[in-house]
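To keep things clear, I will list the structure first and then write my remarks on it.
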Amino acid sequence: MKRARLGPWIAVILGAIYFLVPLIATFEFSLRVRRNQYSFDAYANVLGDPHFQASFLYSTLIAFATIVVGVMLVVPTAYWVQLRLPKLRPVIEFITLLPLVVPAIVIVFGYLRIYNSSSWLPLTGSPASTNVLLVFGYVTLALPYLYRSVDTGLRTIDVRTLTEAAESLGARWPRILFTIIFPNVRVAIIGGAFLTFAIVIGEFTFAALLDRPAFGPYLQLVGANRAYEPAALSIIAFAITWACMGLIQIFGRDRRTGVAARP
Amino acid sequence: MTFLVLDGLQKIYGTHQVVQRFDLSVERGEFISFLGSSGCGKTTTLRMVAGFETPTVGTIRVDGRDVTQLAPNQRKVGMVFQSYALFPNMTVAQNVAFGLKVAGKSPAEIKTRVGEMLELIKLPKLADRYPYQMSGGQQQRVALARAIATKPQILLLDEPLSALDAKIRVSLRDDIRTLQRELGITTIYVTHDQEEALSMSDRIVVMSEGRMEQVGTPFEIYNRPATRFVASFVGHLNLLKATVVAPSEGRITVNGQAIRTAAALNGVPVGAPLTLALRPEAIRIGASETGNRLDGTISDVAFLGAIVRIRVQVGDNRLSLDTFNNPGSPPPARGEAVHLGFSPEDLHSVSDA
């Protein structure tokens, strides 16, 4: 009996050491700005840096824009595929998986070729239109996560019957989408949105090559030029990711199943 | 007055004809059931009326107006689904109010109407509940209220009681019928349950393999089934293999025992085989003075409580009959020889179609 229990514990402990030791070491290192004394100076430096604030704010705004555009694109598509074009599902799934297969660097070079300032659609011509291009790029990157999350959410409700019920009551597409479909896949959308946020906040390749003042390039810059601050930034980035995961847990708790699970 | 007309409806998916030539005129306020086993085309026909399917051939007219090409949201039909299909993110009151909101009614009007509807389905205290907080029976009542809140021209019910347990099914069945009579709403009810169809409908359409087998009142369908399918699908039925002796007098033999039918068997040649239908409840144990008599041996006795179902072997025919339980005398035993009596009027010749 005891032996049987020992094995899993060893695995858990080894796993915990693998994940926690580098994290603890990084945290410990980030506190050593002053000699022979622990302090949060590195964090103060980072958080007080106007470039940190500006780039973080920029990336947050881009992330929100990405989430809005992504949700408006993905929810109606996934809904329509489920309702009317179920045979197309494998095709759509393949397309949404492409960003995992095609490296970001390839995508962004493609963008630069197609949308450069001497092309027929010069999106890189001004900062504002480059921001738009960046958002579109991030929507592509977030597609695998957002689409899967929304599609799974849609499968848990009877999309077809709910749509027909609404139609027989006189409703048209926009009302069905916004008052019935969106609220019922809310949890899935929020889950996908936080994943999107986490991806956009740390993204480097697109932002650097399109020359946008985002958080990713800032991380790289600090990492290349400072000693203790990159460690502090890593810990901050971890905290943001964990906060996102915590929020998914909180908002992801479905009221319906929460109550239904009670005896 | 004819209110709903289904004229030559057909539905074909690829090479598969799901509904074959469906013609039906429904009076205003009538309760019609489509009865049949799964895959017989009853739900497809209902969905064509709702607008979720477009007929391959044929037209649908409501109150004289051709609605065949209208979208579902323009047809003014109320629909109740087997799975309730309440909107999970809305309370009972919001669900019932949905159609009224779409129709652009004022908030005051919506509030009054929702209140009326909840009174009607006897759930006035559950206005703020969510669907997941209610039982299946309550959810289906709310779905019914939601469907009729907008005062639709036609109410369509697609196996609404199939997902509920037996007791609730019976009580909700009565409630639906009462409500339908009170409101006088033209209703089409799809079911595979003959008891539901018989107990609720003004008329029943029995369907099989996309065909209309018979249209008639529950009394007609049960007592005078037009085809062998209807006879076997609706109620229990004994099918007797007989040989014609004298067609004009209705005289026949079953395993060499002479009996007769009430109606003349015109057009059937002497000596031809014939299939006759006989309901279990039309047969008595003990020969009658004037009617038919068959002698047989009891092969099986099933005691079902109030009813005792007895199977009797008459040559190669096996007849089933029901008698009421009599506390004073135990049911007969297997192997006992019995005389069976029944009236010639209860024997019906059925076509093999």
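By convention in this document, chain letters (A, B, ...) are assigned in the order of the sequence lines, proteins followed by strands, and residues within each chain are numbered from 1. The model shown is predicted, which means the values in this text are computed figures rather than measured ones.
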Heavy-atom pair of closest approach, residues A85(B) and L162(A): O-CD2, 3.6 Å

Distance from F81(B) atom CZ to D158(A) atom CG, nearest 0.5 Å? 9.0 Å

If you draw a 6.0 Å radius around CD in E93(A), do more than 12 non-hydrogen atoms from other residues or ligands fall strictly inside? yes

Value for CZ (F87(B)) from CD1 (I181(A)), rounded to nearest 0.5 Å, stands at 9.0 Å

Mark yes when over 12 heavy atoms from residues, nucleotides or ligands other than Y115(A) sit less than 6.0 Å from its OH; otherwise mark no. no

State whether the number of non-hydrogen atoms from other residues, nucleotides or ligands found under 6.0 Å of F64(A) atom CZ is greater than 12. no

Residue pair R186(A) / N89(B), side-chain heavy-atom distance below 4.5 Å: no

So which atom in A147(B) and which in L169(A) form the shortest heavy-atom distance, rounded to 0.1 Å? CA-CD2, 4.5 Å

CD of Q94(B) to OG1 of T179(A): how many Å apart, nearest 0.5 Å? 10.5 Å

Nearest-0.5 Å distance, CE of residue M79(B) to CD of residue E167(A): 11.0 Å

Distance from S168(A) atom OG to L155(B) atom CG, nearest 0.5 Å? 10.0 Å

Quick check: are there more than 12 heavy atoms from other residues, nucleotides or ligands sitting under 6.0 Å from CZ of R172(A)? no

Quick one: does F98(B)'s side chain get under 4.5 Å of R175(A)'s, heavy atoms only? yes

Kindly check if the number of other-residue, nucleotide or ligand heavy atoms within 6.0 Å of OH (Y58(A)) is above 12? yes

Tell me, out of R75(B), Q82(B), R47(B), who's got the most heavy-atom pairs with chain A below 4.5 Å. R47(B)

Given that the side chain runs from C-beta out, which part of R146(B) has a heavy atom under 4.5 Å from chain A: side chain, backbone, both or neither? both

Should we count CZ of F19(A) as having more than 12 external heavy atoms under 6.0 Å? no

With rounding to the nearest 0.5 angstrom, report the CE to CD1 distance, M90(B) to I180(A). 5.0 Å

Would you check if the side chain of N73(B) reaches a backbone N or O of A171(A) as a donor-acceptor pair within less than 3.5 Å? yes

Please classify the contact between L86(B) and chain A as side chain, backbone, both or neither, with a heavy-atom cut-off of under 4.5 Å. backbone

